[in-house]
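The next block holds one structure in the form of structure tokens; read it before the comments.
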Amino acid sequence: MAAACRLCGSTGLAGVVDLGATPPCESFLTADQLDEPETTFPLHLRVCTECWLAQLPPLITPEQTFTEYAYFSSYSTSWVEHARRFVEEQDPRPGAFVVEVASNDGYLLRHVVERGVRCLGIEPSANVGQAARDAGVPTLTAFLTEQTGRRVREEHGPADLVVANNVYAHIPDVVGFTRGLRALVADHGRVSIEVQHLLTLMERNQWDTIYHEHFQYYTVASAGRALASGGLTLVDVELLPTHGGSIRLWAVPDPSATPSYRVADVLAMEKAAGLHELSGYHDFAARVAKVRRDLLRFLVDAAEAGHTVAGYGAPGKGNTLLNHCGIRPDLLPYTVDRNPYKHGRFTPGSRIPVLPPERIAADRPDYVLVLPWNLRDELVEQLSYVREWGGRLVFPIPELEVVS
């Protein structure tokens, strides 16, 4: 039976790139699990030729990934600052009610709490939701569905502002989730959604952001259709530099609302790039293959020359990169991460040890392979000490670059 698009139901799905089969990218292993098998799932990105939603088949459930989660937003200094600026710009006043869906560890709502504004986080991961509560952010442990949205509205009232950052790609039931957003927001309210832009993913070769917990990849065209499916109207869009290039979508419940000129501008950019037809997707797999060859060649040459290499970061995107490239501890003995939750664990599939960041200064490697390339400016500054011993940073995306 042919797979069907989860948004429009069409069976006209065309292959974009096949990255093989990998474990879920946040399923870090403990030492006791190293002798156990890992379940892998196909990682084949397809695009619907009817509504142009790029998507992976829903082979895993959100419950498998997000019930306990290894990602804590507050460990990214630049991301917390991004959230602080957003709250400052929106300037919620006392008497307003702000809800964030997938609120993680309270990285954004803590700025709302500081203003004395009533708010609620909805976060499915019990461990990171507890971190938010410990920080003073009211947080409900739940996945957003239409029923959850209605229950929150009944208990707390409608929200003046609903925020959903880096979650709209993470839900296989996009229609049900959107209906949940509509249930939360007041008739006069607004919904803000930040999600990676498929245009920048394609243009900047960001293929490592393809992993199982990202079920879909949006253009503004496909996002507008998804919002409409749940009773929301896209009225504005902002282009953001976060996560390598994101879009902030603004939606309202009013079906007669008129989109801004910026919506038309971005739609025109997408059309010019060929993303509203198949032509824009044809050469992507070849560009992915080149990154793979170049990175493997670099690591093999470094090993044969006796140079040492360490990794920096253990993000989900890094695990797509490591697994598709076939990188194992012989080429990358370890990586480090600021998140203590990951220390002493091993990356899924590649089984590379994750250590505290202090290990880099202790070992003084010749090269540091930076896996969260989307935080480049932040990490170049954090890792400036590597130059003290002549070490160099290596960025694999969008193409291999060695920085002195």
Side-chain angles (χ1 to χ4, degrees), residues 62 66 73 82-125 128-129 132-133 135-171 173-195 223-224 226-238 246-257 259-260:
F66 297 112
S73 296
H82 173 75
R84 186 197 66 76
R85 288 196 305 268
F86 174 82
V87 173
E88 184 177 82
E89 290 165 2
Q90 301 313 309
D91 194 22
R93 299 303 177 94
F97 180 40
V98 179
V99 174
E100 184 182 14
V101 182
S103 51
N104 201 265
D105 59 5
Y107 74 100
L108 184 145
L109 289 180
R110 75 190 202 193
H111 304 294
V112 178
V113 170
E114 289 170 359
R115 289 169 166 257
V117 174
R118 190 165 63 98
C119 64
L120 178 69
I122 302 175
E123 169 54 49
S125 302
V128 291
R133 286 187 288 271
V137 177
T139 303
L140 170 67
T141 300
F143 287 93
L144 179 66
T145 62
E146 185 174 8
Q147 292 71 29
T148 305
R150 287 176 176 173
R151 177 161 58 90
V152 169
R153 187 187 185 109
E154 290 171 0
E155 294 179 6
H156 300 273
D160 301 282
L161 174 63
V162 176
V163 182
N165 287 347
N166 302 317
V167 63
Y168 209 41
H170 290 71
I171 35 92
D173 182 7
V174 62
V175 177
F177 183 89
T178 306
R179 288 174 177 165
L181 295 175
R182 174 62 188 96
L184 287 171
V185 69
D187 292 345
H188 65 271
R190 298 184 301 158
V191 177
S192 171
I193 298 173
E194 291 185 24
V195 68
L227 289 165
S229 74
L232 293 171
T233 301
L234 176 66
V235 293
D236 201 5
V237 61
E238 299 174 55
S246 299
I247 43 178
R248 178 183 290 152
L249 306 161
W250 287 99
V252 298
D254 182 1
S256 64
S260 75

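Only this structure's heavy atoms are used, side chains among them; waters, hydrogens and symmetry mates stay out. Numbering starts at 1 and runs along the sequence shown.
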Are the charged groups of Arg182 and Asp187 less than 4.0 angstrom apart, N to O? yes
Would you give the length of the straight line joining atom OG of Ser246 to atom CG of Asn166, rounded to the nearest 0.5 angstrom? 6.0 Å
Ser103 vs Thr139, side chain to side chain contact (heavy atoms under 4.5 Å, CB included): CA-CA, chis, key distance, verdict: CA-CA 8 Å; Ser103 51; Thr139 303; 4.1 Å; yes
Can you list the steps and then say if Leu144 with Leu184 is a side chain to side chain contact (heavy atoms under 4.5 Å, CB included)? CA-CA 10 Å; Leu144 179 66; Leu184 287 171; 3.9 Å; yes
Quick one: list whatever passes side-chain hydrogen bond (donor to acceptor under 3.5 Å, both in side chains) with Ser192, sequence neighbours left out. none
Please work out which of the three classes, parallel, tilted or perpendicular, describes the rings of Trp250 and Phe86, given edges at 30° and 60°. parallel
Review item, side-chain donor-acceptor pairs of residues 112-122, under 3.5 Å, at least two apart:
residue: Arg115; atom: NH1; partner: Asp91; partner atom: OD1; Å: 2.7
residue: Arg118; atom: NH1; partner: His156; partner atom: O; Å: 2.9
residue: Arg118; atom: NH2; partner: His156; partner atom: O; Å: 3.3

Non-neighbouring partners of Ala257 that pass side chain to side chain contact (heavy atoms under 4.5 Å, CB included), sequence neighbours left out: Thr233, Val235, Val252, Asp254
Smallest separation among heavy atoms of Thr141 and Pro124, with atom names: CG2-O, 3.7 Å
Hey, are the side chains of Tyr107 and Val128 touching, using non-hydrogen atoms and a 4.5 Å cut-off? no
Step by step, work out the side chain to side chain contact (heavy atoms under 4.5 Å, CB included) result for Ile247 and Tyr168. CA-CA 11 Å; Ile247 43 178; Tyr168 209 41; over 6 Å; no
Looking only at heavy atoms, the pair that brings Glu123 and Asn104 closest together is OE1-N, 2.7 Å
Taking only residues at least two apart or on different chains, which pairs with a member in residues 157-168 satisfy salt bridge (charged side-chain N to carboxylate O under 4.0 Å, His left out)? none
Measure the spacing between CD of Glu88 and CD of Gln90 and express it to the nearest 0.5 Å. 11.0 Å
Taking every non-hydrogen atom, the tightest pair across Asp173 and Gly176: OD1-N, 2.9 Å
Are any of the side-chain heavy atoms of Val167 and Glu100 separated by less than 4.5 Å? no
Indicate yes or no: at least one non-hydrogen side-chain atom of Leu161 is less than 4.5 angstrom from one of Pro92. no
With the side chain counted from C-beta on, respond yes when Ile193 and Leu181 share a heavy-atom pair under 4.5 Å apart, and no when they do not. yes
So which atom in Gly106 and which in Ala132 form the shortest heavy-atom distance, rounded to 0.1 Å? N-CB, 3.6 Å
Ring pair (Phe, Tyr, Trp, His ring centres under 6.0 Å) involving His111 - partner list, sequence neighbours excluded: none
Grab the two heavy atoms, one from Pro253 and one from Gly189, that are nearest each other, plus how far apart they are. CD-O, 3.6 Å
Counting only heavy atoms not in Arg150 (residues, nucleotides, ligands), do more than 12 fall under 6.0 Å from its CZ? no
Interatomic spacing from CG in Leu108 to CZ in Arg84 - rounded to 0.5 Å: 11.5 Å
Non-neighbouring partners of Arg179 that pass side chain to side chain contact (heavy atoms under 4.5 Å, CB included), sequence neighbours left out: Glu146, Val175
